2 protein chains.
Amino acid sequence: MRADAARNRALLLAAAEAAFAERGLDVSVADIAQRAGIGKGTVFRHFPTKDDLLAEVMLDRVHALTHAGKRLATADDPGAALLEFLTLAAERQQQNDLSVLREAHAVNERLSDARAAMFAQIDTLVGRAREAGAIRADVTGTDVALLMCAPGHVAGFAPHGGPDLWRRYLAIIFDGLRPHGARPLPVPPPTENS
Amino acid sequence: MRADAARNRALLLAAAEAAFAERGLDVSVADIAQRAGIGKGTVFRHFPTKDDLLAEVMLDRVHALTHAGKRLATADDPGAALLEFLTLAAERQQQNDLSVLREAHAVNERLSDARAAMFAQIDTLVGRAREAGAIRADVTGTDVALLMCAPGHVAGFAPHGGPDLWRRYLAIIFDGLRPHGARPLPVPPPTENS
DNA sequence: TATTAAGTTGACCGGGCGGTCCGCTTAGGG
DNA sequence: CCCTAAGCGGACCGCCCGGTCAACTTAATA
């Protein structure tokens with residue numbers, strides 16, 4: 001692969017990730033190309049369809065989370081490890097990632113596999129946290145996989161919320177996962193209110 | 001207003017609500033019209049733009065919730081009242097209602113006013129629940145307004161979840177709002193798992 | 001029933017989208 | 001340094017969308 005092609009590919013992926021995060025999945029390919037400073041045709045040289053581009057962006061994010069999960073799976077405190085994983089997930093996943101992943105099979109087989117790997121990693125983290133008594137006995141990996149995007153999603157709709165508002169909702173939701181009578185986390189105050 | 005026009009208008013609103021809920025905000029006007037069994041032109045006779053149609057649908061939903069909130073504001077048990085309100089909200093709001101409401105001002109002034117009225121009603125419910133000690137002292141109406149759509153939203157992404165899966169996540173989230181050491185609600189088991 | 005205004009309809013329009021293509025540019029090995 | 005193939009870019013295509021319009025249909029009144 002030629003050097004300029006590799007550079008443009010990296011530029012394109014970065015621009016696409018930013019564009020999808022800011023404007024949603026409906027950004028036009030032309031917009032992404034302009035943001036990357038390349039021509040529209042070049043986008044389709046690197047990725048046959050817009051969906052393939054999206055899949056590649058998602059693949060990077062899912063892999064990063066999976067690796068973080070693998071690292072945290074051997075931590076001393078399984079409860080803290082799960083919380084840190086959820087923090088990473090909420091931090092990165094500002095947007096509607098789950099809606100993409102749900103239809104991952106239709107988009108891309110590799111992405112579908114990556115999702116399965118991430119879910120398996122979540123199962124491990126949740127299992128360890130459950131055994132350690134850090135979360136309720138009936139909480140499943142699926143529960144956590146579904147709930148982990150909620151803080152970022154929900155905070156995104158705040159009228160005046162600061163950029164860290166998601167931490168507040170992560171704390172609230174995580175406390176809902178804890179066993180009966182657990183002392184809840186200190187909940188960060190809302191930075192601003194309506 | 002002529003009788004057939006009123007009938008078509010009702011048919012149209014029902015079809016639009018169903019279509020938006022099932023297919024998202026991107027359903028074409030033509031699809032909605034076909035679903036209602038009327039011509040596409042008739043849609044634009046009743047509502048000048050697609051956004052106006054959407055605003056009318058949302059207006060009905062927001063008003064219904066506001067009225068339910070007003071009824072619950074005088075209930076004996078403020079904690080139970082808030083929970084019932086959240087149950088109603090999660091039950092109806094399967095979809096991305098918040099994303100619409102956030103841009104309500106851009107869509108329609110009446111909708112913007114209706115949203116403000118609903119938020120005020122939520123503030124009342126939350127205030128009463130807080131005073132009764134049913135929820136944490138630091139939980140605000142904005143918190144609840146943001147979190148109330150999360151159960152429906154999150155459950156919608158479950159691969160095999162039953163239609164009542166949102167109840168599970170409502171219970172978890174509501175428990176996160178309760179004061180320290182509160183006995184959590186019984187959490188409905190997941191109907192199915194991945 | 002005759003009249004008419006209100007209501008309905010689908011063909012039609014401009015615009016923006018994803019995706020294609022071919023002439024131009026340029027990296028990089030011999 | 002030159003040649004060539006890999007890479008680039010933007011004009012272009014077909015499609016579908018929201019929205020318009022003029023011809024047609026019908027409910028309601030006298």
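Proteins come first, then strands; the chains are lettered A, B, ... in the order of their sequence lines, and each starts at number 1. Just so it is clear, the structure is predicted and the values come from calculations on it, not from any experiment.
The two atoms that bring A/Leu125 and A/Ala81 nearest to each other are CD2-CB, 4.5 Å, heavy atoms only. The heavy-atom pair separating B/Val139 from B/Arg130 by the smallest distance is O-NH2, 3.1 Å.
Spacing between atom CD of B/Gln34 and atom C1' of D/dC16 amounts to 15 Å, rounded to whole angstrom units. To the nearest angstrom, C1' of D/dC24 lies 17 Å from CD1 of B/Ile38. Rounding to whole angstrom units, CZ of residue B/Phe47 and C1' of D/dT20 are separated by 18 Å. Whole-Å rounding puts the A/Met1 CE to C/dG28 P distance at 12 Å. We find that CZ of B/Arg23 is positioned 12 Å from P of D/dC17, with the value rounded to whole Å. The nearest whole Å value for the distance from the CG atom in B/Leu12 to the C1' atom in C/dT9 is 14 Å. The interatomic distance linking A/Arg9 (CZ) with D/dC8 (C1') rounds to 16 Å, in whole Å.
Within the nucleic acid shown, A/Val43 has no heavy atom closer than 4.0 Å to any nucleic acid atom. Across all strands shown, A/Ser28 has heavy atoms under 4.0 Å from sugar-phosphate atoms exclusively, and none from any base. The residue B/Lys40 sits close to a base: some heavy atom pair falls under 4.0 Å.
Considering only side-chain atoms of A/Lys50, the nucleotide from D/dC8, C/dG18, D/dA27 that sits closest is C/dG18. Here D/dG19 is the nucleotide among D/dG19, C/dG19, C/dG28 with the atom lying nearest to any side-chain atom of B/Thr49. Side chain of A/Ala5, nearest nucleotide from C/dA5, D/dG7, C/dC12: D/dG7. Checking C/dA5, C/dG18, C/dT8 against the side-chain heavy atoms of A/Phe44 singles out C/dG18 as nearest.
Considering only side-chain N and O atoms, B/His46 lies nowhere under 4.0 angstrom from the phosphate OP1 or OP2 of C/dG7. In this model, the phosphate group of C/dG7 is not approached by any side-chain N or O of B/Asn8 to a distance below 4.0 Å at OP1 or OP2.
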Let's go through B/Arg2 and B/Asp4 carefully: what are the C-alpha distance in whole Å and the side-chain angles of both, what is the deciding distance for salt bridge (charged side-chain N to carboxylate O under 4.0 Å, His left out) to 0.1 Å, and is it a yes or a no? CA-CA 6 Å; B/Arg2 251 167 62 173; B/Asp4 56 345; 3.0 Å; yes
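Within the cation-pi definition used here (under 6.0 Å to the ring centroid, within 45° of the axis), B/Arg178 does not qualify as a partner of B/Phe174.
For A/Asp31 and A/Arg45, each mapped to the nucleotide of DNA chain C holding its nearest heavy atom, the one lying further toward the 5' end belongs to A/Asp31. Between B/Pro48 and B/Asp4, the one whose closest nucleotide on DNA chain D sits nearer the 5' end is B/Pro48. Residues B/Arg2 and A/Gly39 each lie close to DNA chain D; by heavy-atom proximity, the contact nearer the 5' end of the strand is made by A/Gly39.
When the options B/Lys50, B/Arg9, B/Arg61 are evaluated for a salt bridge (charged side-chain N to carboxylate O under 4.0 Å, His left out) with B/Glu56, the one that passes is B/Arg9.
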